[in-house]
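Take a look at the structure set out below.
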Number of protein chains: 2
Amino acid sequence: MSDVTIKDIARMAGVSHTTVSRALNDSPLINPETKERIKSIAGSLNYTPNYNAKSLVLDRSYNLGLFFTTLHQGTSSGFLYAALRGVNEVIKDGYNLIVRGIDDYTSFHHVNRKSFDGIIVMSQSAADQPFIEYAAQRAIPLIVLNRQIEMDGVWNLVPDDQSGAYRMTEYLLQCGHRRIAIIEGKPGFKSSHARKEGYLDALRSAGIEPEDELCMRGEYDFESGYQAMVRILELKDRPSAVFCSSDDMALGAVKAAAERGVRVPDDISVAGFDDTLYSAFITPALTTVRRPIEEMSRAGAEKLVAFIEKKHVEDHKRMFRTELVIRDSVKPISEGD
Amino acid sequence: MSDVTIKDIARMAGVSHTTVSRALNDSPLINPETKERIKSIAGSLNYTPNYNAKSLVLDRSYNLGLFFTTLHQGTSSGFLYAALRGVNEVIKDGYNLIVRGIDDYTSFHHVNRKSFDGIIVMSQSAADQPFIEYAAQRAIPLIVLNRQIEMDGVWNLVPDDQSGAYRMTEYLLQCGHRRIAIIEGKPGFKSSHARKEGYLDALRSAGIEPEDELCMRGEYDFESGYQAMVRILELKDRPSAVFCSSDDMALGAVKAAAERGVRVPDDISVAGFDDTLYSAFITPALTTVRRPIEEMSRAGAEKLVAFIEKKHVEDHKRMFRTELVIRDSVKPISEGD
DNA sequence: TCATGTTGTGCACACGTTAACAATCATCAG
DNA sequence: CTGATGATTGTTAACGTGTGCACAACATGA
């Protein structure tokens, strides 16, 4: 059936396979009439090039990789969907999109330049670092989304955590909160720093001097959020709102409060960050900050394809605007409270 | 960097490249000592085979395709996620999983046996038919999930609609409903028939003779559900519950009821089928039947890989158990009502 | 007339791998 | 000692495509 090759076409057209190859690739060397004739024969034979052979000689795979930190533990379906949609919208017919969880690989043996024209890593954790370095070292065009990273030659598109945190804090202030605690992210992480800076900026803009007492260490995970909230609730002068640097920690915070008979949001407001899927389902539904996953993915894929196809690409870093998602876990406080 | 080939290894080991190829592929022809020596050289050089070259000569692509009806209009993220997880769990390191929406293709040019060792179609609509036929005609190992299909040489794994409908009806009966209407699916569709049969069986098992008056035609879509519900509400002896053969129709039915001041579930109970994503979010949250997407995907991928690797595979059709999802749109009725 | 393009085409090889067949060598039966 | 057998390894071609170079035909300009 589909086993017709350029040699078959060559025989029919009475030319060499070289001419056929050139004609089908629109080489300017070929006589326009010959070219048309060859193309019409190819069309009528329903010719499809053998991409494996092309790949071999052209040193291109026509494969793009979209890698997630994990596909089976923790990645939310909404996150996956948004990323896949974003990338898929952009890539042309000529590419295959290969989707995989990094933790599915027992070795990175199959990850090399011959197999991937380019790779998009939707990074959710520092556990991806070895993979990213491996790919970078193999000189595969690489773009890392979502998680901030410092590597030369690797593009990096991340959500603007700082302004997200700024606007969330601003929102809490608008709701009348004056004493607002923060539970910080993992120490040393860029995102932790950015989110805290946004928080601090917003407070200062409102003329409120941040208090060290209200800044709690966290690790981005459920447990650390729980622990931090316990400490917050023990403060003599308890804050009326807590900004958590991740939804996971917010979940822990809500649990700690509930266990101590402190109601969210009636007694204390809790805000998160990330808008993970469950955020909408828990009680109370979490007020949080959404990261623009689909937009980032689209931009990342565009950039990657443009680079592969040799168009020049300039800037290596970019921030994407985050968005406030207002649900039920933050409550305005009336003046008299 | 990674450009070491078997010829390089051959030179270092003082053998021919053929010997290297055989050694690395564990051919029994090679002296065990030589084999070990070659393997260790390959390891130390960090050798990775060029899969494009392998593909060319072995006529295998190492690619599996996972195709959805669409990725950007209607496919729910949960559905996508479940399917992807199921397939991904099964496929080995040696395969690439290519994910795509069928409606993303402007032509099926890139779909051929040289580019795909096998294809899994997660079919949500009859619109996939041309794609499925195209792939089948190209002799690509093919498995169609979720939608029943009648084609030789094409595996087909579908949810057990009949028993799902049976158990839903049974549940309605347990809730005290005696007069239960059904809105049927598209005439001529296997699934419509199966769902109706399940409904009829359950009624008869409970000693209730089905009434023609309570069987309404539908088309699986919102509008037909609306129309059918209108007719149901006009019946002199109105049923206390309506089993809709799809969530879309259930949605239409709820709307028709609401517009006429009939409350769901207080005045009438409504059940759906499919567990589409929105089913949980609408008011009232829909009691429905979930299809075992992840399980089906896993089984499908296993079957496909087994076939590609020449192990014999027997049965070509299989049903998967569906699951009742109880939410708020069905209410038990007390004896006195 | 002859040197010098210009235009279109083919030859031969390359890409990295596998595999049919040939070759070598040791071993063994007679 | 000799031919046969079996175990290893090498030679060579093949998979389908793209490309550097040579070449033919034909036009151009002096």
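Quantities reported herein were computed from a predicted structural model and do not represent experimental measurements. Letters A, B, ... mirror the listed sequences (proteins, then strands); counts begin at 1.
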Task: Between P of C:dA23 and CG of B:L29, the distance in whole Å - done: 18 Å
Open item on the list: Going by side chain to side chain donor-acceptor pair (under 3.5 Å), name the residues that satisfy it together with A:Y105, two or more places apart in sequence or in a different chain.
Closed with: none
Task: Pair listing, salt bridge (Lys or Arg N to Asp or Glu O under 4.0 Å) test, anchored in residues 17-29 of chain A, at least two apart - done: A:D26-A:K35, A:D26-A:K39
TODO: Let me know the distance between CG of B:D26 and P of D:dT8, rounded to the nearest Å.
DONE: 14 Å
Task: Spacing of A:D59 atom CG relative to D:dT19 atom C1', expressed in whole Å - done: 15 Å
TODO: Using a cut-off of strictly less than 4.0 Å, decide whether A:T34 has a side-chain nitrogen or oxygen near OP1 or OP2 of C:dT9.
DONE: yes
Task: Whole-Å distance separating the CD1 atom of A:I30 from the C1' atom of C:dT6 - done: 15 Å
TODO: Could you check how far OH of A:Y51 sits from P of D:dC15, rounded to whole Å?
DONE: 21 Å
- [ ] Can you sort out the partners of A:S191 under side chain to side chain contact (heavy atoms under 4.5 Å, CB included), two or more places apart, ordered by chain and number?
- [x] A:D161, A:F189, A:R195, A:Y220
TODO: Quick one: which residue pairs count as a ring-ring contact (aromatic ring centres under 6.0 Å, His included) with a foot in residues 39-60 of chain A, not counting sequence neighbours?
DONE: A:Y51-A:Y62, A:Y51-B:H110
- [ ] Take nucleotides 11-20 of chain C nucleotide by nucleotide from the 5' end and write B, S or -, depending on whether a protein heavy atom sits under 4.0 Å from the base, only from the sugar-phosphate, or from neither.
- [x] BB--BBBBBB
TODO: With axes from five pairs an end, tell me the bend angle of the helix from C:dT1-D:dA30 to C:dG30-D:dC1, nearest 10°.
DONE: 60°
Task: Partners passing ring-ring contact (aromatic ring centres under 6.0 Å, His included) against B:Y134 (at least two apart in sequence or in another chain) - done: B:F108
TODO: Take atom CG of A:N52 and atom P of D:dT17, then tell me their distance rounded to the nearest Å.
DONE: 10 Å
Open item on the list: According to salt bridge (Lys or Arg N to Asp or Glu O under 4.0 Å), does anything in residues 147-157 of chain A pair up with another residue at least two apart or in another chain? List the pairs.
Closed with: A:E150-A:K190
Task: Interatomic distance, A:L24 CG vs D:dG16 P [rounded to whole Å] - done: 15 Å
- [ ] Look up atom CG in A:L145 and atom OG in A:S123, then write down how far apart they are to the nearest 0.5 Å.
- [x] 9.0 Å
Open item on the list: Before we go on, tell me: are the rings of B:F116 and B:Y95 under 6.0 Å apart, centre to centre?
Closed with: no
Identify each donor-acceptor pair in which a side-chain atom of residues 292-302 of chain B lies under 3.5 Å from a protein atom, sequence neighbours left out, and give them as a table.
| unit_1 | atom_1 | unit_2 | atom_2 | d |
| --- | --- | --- | --- | --- |
| B:E294 | OE2 | B:R85 | NE | 3.4 |
| B:S297 | OG | B:I293 | O | 2.7 |
| B:R298 | NE | B:E89 | OE1 | 2.8 |

